[in-house]
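Please read the structure below before turning to the comments.
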Amino acid sequence: MNEKNKSNKETLDIVVPCFNEEETIPLFYKEASNAIAALQKQKTIGQTQIFFIDDGSKDKTLEIIKELSQKDKNVKFISFSRNFGKEAAIYAGLKNSCARYVTIMDADLQDPPSLLPQMFAYIKIEGYDSVATRRKDRKGEPILRSLFARIFYKIMNKICKTELVSGARDYRLMNRKFVEAVLSLSEYNRFSKGMFGWVGFKTKWIDFENVERAAGKTKWSFWNLFKYAIEGIIAFTEKPLIISAVTGIFCTILSMMALIFIIIRKIFFGDPVAGWASSACIILFTSGLEMFFMGIIGEYLAKTYLEVKKRPIYISKESNIKEE
């Protein structure tokens with residue numbers, strides 16, 4: 001656990017997951033420092049630390065972070081032994097923070113630090129436990145990607161008990177009670193957007209205009225987003241298993257009805273069963289359904305397999321956070 005500031009209870013930790021962000025980190029640090037200075041001038045917060053979580057970057061991300069930490073004692077970092085993913089980086093940041101308030105922000109400045117004063121107002125004045133952000137629109141995103149994102153949120157909210165807000169970002173401000181609740185969910189397969197909703201508490205949502213990356217390129221390809229969506233569905237609902245079971249029962253009943261029809265037709269009308277092509281199509285269709293639902297079951301089994309192995313969520317290669 002990092003050093004605690006005992007002189008001021010209004011402390012803030014900023015968790016920043018980073019993967020190949022050498023171009024954006026200096027820009028982010030400047031913007032975040034300005035926002036922190038403004039909050040401290042207003043006496044909203046006291047000591048603030050920035051936790052950069054290097055998720056196995058291949059560029060100069062770690063070097064730049066180290067340079068910043070040498071100039072600013074409030075810059076902390078954890079460098080992973082390899083790329084464990086953003087979810088692991090978020091967990092590492094939350095686990096190593098100990099401030100009264102914690103916020104998660106992306107290094108690409110798509111999460112504007114300028115929103116922090118407004119977010120603090122909701123927590124400190126109106127008594128919210130967390131303040132979450134969502135984009136009003138998806139301007140600048142590819143049309144296909146935006147379409148599938150909307151479909152994903154609609155599906156999740158239909159089949160999942162935990163509400164997921166469309167356009168939600170990981171950018172949110174949380175009090176210590178909320179952070180501890182999230183950390184109590186220690187599963188290996190993590191889906192933070194669902195976890196934030198699952199733990200409950202009083203949350204305020206604020207909208208902001210979509211912001212383009214300050215520099216560099218996004219690390220989230222369409223395929224990576226698709227896999228992330230599948231993980232979210234499997235992590236927070238068992239409905240796909242129920243759907244596969246119901247579909248199997250329906251197909252069984254349908255096939256029995258078809259068999260009875262064929263037998264009656266043969267006995268009373270003497271008509272031979274014709275059409276091998278239609279039979280082949282039916283076989284291929286039912287086989288396809290079987291393989292599809294076996295794949296769903298396989299995904300759940302795979303996630304269970306990973307959980308029971310109890311592997312660490314991340315492995316730290318290097319850090320400047322002092323343990324007590």
Side-chain angles (χ1 to χ4, degrees), residues 1-5 9-17 44-51 53 76 78 84-106 111 115-116 118-134 153 156-157 160-206 228 231-238 303-304 306-307 310-314 316 321 323-324:
M1 185 177 288
N2 57 290
E3 297 176 345
K4 295 185 179 180
N5 178 21
K9 294 181 180 180
E10 302 302 298
T11 52
L12 170 67
D13 287 339
I14 301 176
V15 175
V16 189
T44 302
I45 57 171
Q47 181 179 343
T48 300
Q49 298 184 114
I50 302 177
F51 287 75
I53 314 299
K76 307 297 182 182
I78 301 173
F84 282 88
K86 186 179 180 181
E87 291 294 337
I90 291 175
Y91 176 79
L94 295 180
K95 183 180 179 182
N96 286 276
S97 70
C98 64
R100 184 171 182 177
Y101 304 104
V102 183
T103 184
I104 303 168
M105 304 173 72
D106 284 350
D111 300 330
L115 289 177
L116 281 175
Q118 181 184 358
M119 297 167 79
F120 263 106
Y122 284 115
I123 280 188
K124 300 184 75 172
I125 298 174
E126 299 191 24
Y128 286 94
D129 296 298
S130 75
V131 180
T133 62
R134 58 186 176 195
Y153 281 107
M156 281 296 288
N157 286 318
C160 184
K161 294 179 181 178
T162 301
E163 182 183 6
L164 291 182
V165 177
S166 181
R169 301 281 298 174
D170 290 320
Y171 183 23
R172 72 170 56 212
L173 179 65
M174 303 162 278
N175 61 20
R176 174 49 50 183
K177 180 170 57 176
F178 190 97
V179 172
E180 293 299 331
V182 173
L183 288 174
S184 69
L185 307 179
S186 57
E187 59 253 42
Y188 180 82
N189 301 284
R190 305 186 69 79
F191 184 68
S192 292
K193 286 185 175 66
M195 290 179 173
F196 294 148
W198 190 89
V199 297
F201 294 101
K202 190 178 179 182
T203 299
K204 172 68 177 180
W205 286 92
I206 60 176
Y228 186 60
E231 289 176 2
I233 292 171
I234 292 172
F236 279 89
T237 179
E238 71 285 354
K303 297 303 180 185
T304 304
L306 290 173
E307 291 291 343
K310 298 294 182 181
R311 287 181 176 175
I313 296 172
Y314 69 92
S316 175
I321 300 175
E323 294 187 359
E324 294 187 341

What do the steps show when you test I123 against D129 for side chain to side chain contact (heavy atoms under 4.5 Å, CB included), and what is the final call? CA-CA 6 Å; I123 280 188; D129 296 298; over 6 Å; no

Separation between CD1 of I53 and CD1 of I78, rounded to the nearest 0.5 Å: 4.0 Å

Smallest separation among heavy atoms of Y101 and L173, with atom names: CB-CD1, 4.1 Å

Minimum heavy-atom separation for K202 and E126, please, with both atom names. NZ-O, 3.5 Å

Measuring only between side-chain heavy atoms, which start at C-beta, is Q118 closer than 4.5 Å to L116? no

Pairing of R100 and D13 as salt bridge, 4.0 angstrom limit: no

Residue set satisfying side chain to side chain contact (heavy atoms under 4.5 Å, CB included) with S186, at least two apart, ordered chain then number -> none

List in chain and number order the residues that pass side chain to side chain contact (heavy atoms under 4.5 Å, CB included) with A132, two or more places apart in sequence or in another chain; answer none if no residue qualifies. R172, T203, W205

With K76 as the cation and F51 as the aromatic partner, state whether NZ or CZ is under 6.0 Å from the six-membered ring centre and within 45° of the axis. no

Going by ring pair (Phe, Tyr, Trp, His ring centres under 6.0 Å), name the residues that satisfy it together with F201, two or more places apart in sequence or in a different chain. F178

Please evaluate residues T11 and I45 with respect to the criterion side chain to side chain contact (heavy atoms under 4.5 Å, CB included), reporting the C-alpha separation (whole Å), side-chain torsions for both, the decisive distance (0.1 Å), and the verdict. CA-CA 6 Å; T11 52; I45 57 171; over 6 Å; no

Residue pair V15, M105: steps toward the side chain to side chain contact (heavy atoms under 4.5 Å, CB included) verdict: CA-CA 6 Å; V15 175; M105 304 173 72; over 6 Å; no

Kindly give the heavy-atom pair with the smallest separation between V182 and F196, and that separation in Å. CG2-CD2, 3.8 Å

List the steps and the verdict of side chain to side chain contact (heavy atoms under 4.5 Å, CB included) for I206 and M119. CA-CA 8 Å; I206 60 176; M119 297 167 79; 3.7 Å; yes

So, do M174 and T103 sit near enough that their side-chain heavy atoms are less than 4.5 Å apart? no

Any sub-3.5 Å donor-acceptor pair from R190's side-chain atoms to A88's backbone N or O? no

I need the minimum non-hydrogen distance between S97 and V102, along with the two atoms involved. OG-CG2, 3.5 Å

Given F120, which partner from the list L115, L12, V131 fulfils the side-chain contact (heavy atoms from CB on, under 4.5 Å) test? L12

Could you tell me whether a side-chain N or O of D111 sits under 3.5 Å from a main-chain N or O of D106, the two making a donor and an acceptor? yes

Where do Y171 and T133 come nearest, in terms of heavy atoms and distance? O-OG1, 2.9 Å

Mind listing the closest non-hydrogen atom pair of N96 and Y314 along with its distance? ND2-OH, 3.3 Å

Please determine whether a side-chain nitrogen of the Lys or Arg among K124 and E10 lies less than 4.0 Å from a carboxylate oxygen of the Asp or Glu. yes

Heavy-atom side-chain proximity of D170 to I90 below 4.5 angstrom: yes

